[in-house]
Colleague: 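Below you'll find the structure I mean.
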Amino acid sequence: MLDRKLIREQPDLIRRMLRDRHLELDLQPLLDLETRRLEITNQVEKLKAERNQANEHIAQKKKQKADIGGDILAMRKLGETIKQMDGQLKEVESGLQAALLSIPNLPHESVPRGADESANQEVRRWGMRPEFAFTPKPHWELGDVLGMLDTERAAKISGARFVVYRNTGARLERALIQFMLDTQTQEAGYMEIFPPLLVNRDAMIGTGQLPKLENDMFRTAEDDFFLIPTAEVPVTNLHCQEVLQQGLLPIKYAAYTPCFRREAGTYGKDTKGIVRQHQFNKVELVKITHPDNSYAELESLVLDAENILQKLNLHYRVKALSTGDMSFASAKGYDLEVWHPGGGRYWEVSSCSNFEAFQARRANIRFKDSEGRTRFCHTLNGSGLATSRLLPAIMENYQTAEGGIEIPEVLIPYVNGKRKITPQGEFA
RNA sequence: GGAGGGCUAGCAUAACUGGUAAUGCAGCAGACUUGAAAUCUGCCGUCCAUUGCGGACUUGGGGGUUCGAGUCCCUCGCCCUCCGCCA
């Protein structure tokens, strides 16, 4: 949510920034509502001041046992008027709130301006594409032949865009999650969190998934819970409605959770393999920071995510997202894309964002600064990383001419010291 | 699912039969001090106004009764205790 004072005082700035995001938004209705809100507020507050004064009189007269019948009669009408105006004010306020909740964040000045993903800027790349003396297979072939991934049986029990990890596939998936959590908690100073996977509506509004993206979320009809689309939702909202001590910042959390997305409107897209699923596993990194440090914390967050790929020795590139490609709540973001030799393309395995105070304002996450003032924190998050894109990358990059898969060095301790998966689909 | 108790500022605690939210701790600024502690003063939830005075709102959310609601009524949420069910 944007600061309404900023909207009121610098509407042209807001218009320009949103235009940078390729959003032609007519701010006028919102500004009109805000003007109306101030008008009504001023009027009704005068009446309330009058009422408060009169009430004080009545209370005093009553104490002296004087007759107050006439005063009460006179106040009745005023009470009615106030009630009516409060009703109007409430209507204006809820309209205003709805409008505010659906406006995306403003892009930071350093974000590349552009219409879509083609305007994203490559910031750096690490490692090289591996050379194969044979034609590398895509992960869905490997997964099928080696008995690691079973999408057909998943379809029977759930449907399209689900997968059953089996045998070495299940084990490798679990090893990856463990490895990523260990790295982030032991080397990068994140605290491990394992949150609920069902959250309430307020939490979804707090991080910005709602109201805009309700159609992309799984929702339980009976209780109005949402299956989390990312651990960002429960973990960031851990501190909603709180005032944090400045000394606690930055707060750094790492959380493994399954993530659930309806992927509405993607029918027929990325159906090969497991890169786009209704349920996938992800280790998420969340930071709650002082506003002065959030951009430095964003850079180090990206490095923390990159660290996983480097340890796995996977070639990747980092892209600064353009104004046309960044997410709703983000002020600035980077994507990490890893090379899939079998598929012959890069896939996003992480997206790291600074939301500045956008989420903090919605979720009411504040801190006391060194002047004793209560201010909004900045929130950040990034995947560290998503396994549905990472496991395929490992399978495709580490496949052998014989048709098996080597285990990356760092994962060997996590699979009981085994060094490879044989062409028969067993650890060895 | 049922019964009872509770929810007041960062924390902790008050408020007569309804009369308009008090206090302590912590924090911030200032005064005093060589410095600190102690002490004193102000600030210490949100909004509006601001040349100056100020005003309104805020007792988990929403609604009702009333001239007036922390207090009474309805409703929803959450926490605690117990019963039932359950991995």
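Letters A, B, ... are given to chains in the order of the sequence lines, protein chains preceding strands, and every chain is numbered from 1.
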Colleague: May I ask you to check whether A:Thr185 and A:Glu192 show a side-chain donor-acceptor distance below 3.5 Å?
Modeller: no
Colleague: On a whole-Å scale, what distance lies between the C1' atoms belonging to B:A29 and B:C44?
Modeller: 10 Å
Colleague: Please state the C1' separation for the pair B:C11 and B:A26 - nearest whole angstrom.
Modeller: 7 Å
Colleague: What I'd like to find out is whether the side chain of A:Thr207 reaches to under 4.5 Å of the side chain of A:Arg362, using heavy atoms alone.
Modeller: no
Colleague: Give none if B:A12 has no partner; otherwise give the nucleotide forming a Watson-Crick or G-U wobble pair with it, both distances under 3.5 Å.
Modeller: B:U23
Colleague: Under a 3.5 Å limit for both distances, which nucleotide forms a Watson-Crick or G-U wobble pair with B:C82, could you say?
Modeller: B:G2
Colleague: Please give, in whole Å, the distance from B:U20 P to A:Arg51 CZ?
Modeller: 15 Å
Colleague: Using a cut-off of 4.0 Å on non-hydrogen atoms, how would the nucleic acid contact of A:Leu38 be classed: base, sugar-phosphate, or nothing?
Modeller: sugar-phosphate
Colleague: Under a 3.5 Å cut-off for both distances, is B:C7 Watson-Crick or wobble paired, and to whom?
Modeller: B:G77
Colleague: Any idea how A:Phe194 and A:Tyr256 line up, ring-wise: parallel (<30°), tilted (30 to 60°), or perpendicular (>60°)?
Modeller: parallel
Colleague: When both hydrogen-bonding distances must be under 3.5 Å and the geometry is Watson-Crick or G-U wobble, what is B:U51 paired with, if anything?
Modeller: none
Colleague: Could you tell me which nucleotide pairs with B:G70 by Watson-Crick or G-U wobble geometry, both distances under 3.5 Å, or answer none if nothing does?
Modeller: none
Colleague: Would you kindly give the NZ-to-P distance between A:Lys48 and B:U20, to the nearest whole Å?
Modeller: 18 Å
Colleague: Just name whichever nucleotide pairs with B:U34, Watson-Crick or G-U, keeping both distances under 3.5 Å, else none.
Modeller: none
Colleague: Could you tell me the separation between the NZ atom of A:Lys46 and the C1' atom of B:C53, rounded to a whole number of Å?
Modeller: 15 Å
Colleague: Is the distance between the ring centroids of A:Phe260 and A:His278 under 6.0 Å?
Modeller: no
Colleague: Go nucleotide by nucleotide along RNA chain B from the 5' end; which of A:Arg37 and A:Glu56 gets its closest nucleotide reached first?
Modeller: A:Glu56
Colleague: Are OP1 or OP2 of B:U65 and a side-chain N or O of A:Lys83 less than 4.0 angstrom apart?
Modeller: yes
Colleague: Mark yes or no: A:Lys252 above the aromatic ring of A:Tyr190, with NZ or CZ under 6.0 Å from the six-membered ring centre and no more than 45 degrees from the axis.
Modeller: yes
Colleague: When the C1' atoms of B:C82 and B:C72 are compared, how many Å lie between them, rounded to an integer?
Modeller: 28 Å
Colleague: Taking CD from A:Gln245 and C1' from B:A26, how many angstroms apart are they, rounded to a whole number?
Modeller: 8 Å
Colleague: Can you find a side chain N or O atom of A:Arg8 that sits less than 4.0 Å from OP1 or OP2 on B:C48?
Modeller: yes
Colleague: Both A:Glu50 and A:Asp369 contact RNA chain B. Which one's nearest nucleotide lies toward the 5' end?
Modeller: A:Asp369
Colleague: For the pair made of CG in A:Asn42 and P in B:G55, what is the distance, rounded to whole Å?
Modeller: 15 Å
Colleague: Does a side-chain N or O of A:Asn52 approach OP1 or OP2 of B:C57 to a distance below 4.0 Å, or not?
Modeller: yes
Colleague: In the strands shown, is B:U65 matched to any nucleotide by a Watson-Crick or G-U wobble pair with both distances under 3.5 Å, and which?
Modeller: none
Colleague: Please tell me if the side chains of A:Pro392 and A:Leu142 come closer than 4.5 Å, counting only heavy atoms from C-beta onward.
Modeller: no
Colleague: Any side-chain heavy atom of A:Ser330 within less than 4.5 Å of one from A:Asn354?
Modeller: no
Colleague: The side chain of A:Ile58 lies closest to which of these nucleotides: B:A56, B:G19, B:U46?
Modeller: B:G19
Colleague: Taking NZ from A:Lys368 and C1' from B:A26, how many angstroms apart are they, rounded to a whole number?
Modeller: 10 Å
Colleague: Over how many whole Å does the gap from A:Ile40 atom CD1 to B:G55 atom C1' extend?
Modeller: 18 Å
Colleague: From the list B:G55, B:C67, B:C48, which nucleotide is the closest neighbour of the side chain of A:Ala49?
Modeller: B:G55
Colleague: Taking the C1' atom of each, how far is B:U58 from B:U20, in whole Å?
Modeller: 13 Å
Colleague: Taking B:A9 as the reference, what is the distance to B:A22 when you measure between their P atoms (whole Å, please)?
Modeller: 14 Å
Colleague: Determine the interatomic distance between P on B:G84 and the same-named atom on B:A3; round to the nearest Å.
Modeller: 15 Å
Colleague: Expressed as a whole number of Å, how far does the P atom of B:G68 sit from that of B:G54?
Modeller: 27 Å
Colleague: Tell me the interatomic distance from A:Asn55, atom CG, to B:C57, atom P, rounded to whole angstroms.
Modeller: 10 Å
Colleague: Paired with B:G42 by Watson-Crick or G-U wobble geometry, both distances under 3.5 Å: which nucleotide is it?
Modeller: B:C28
Colleague: How far does the C1' atom of B:A69 sit from the matching atom of B:G18, given to the nearest Å?
Modeller: 6 Å
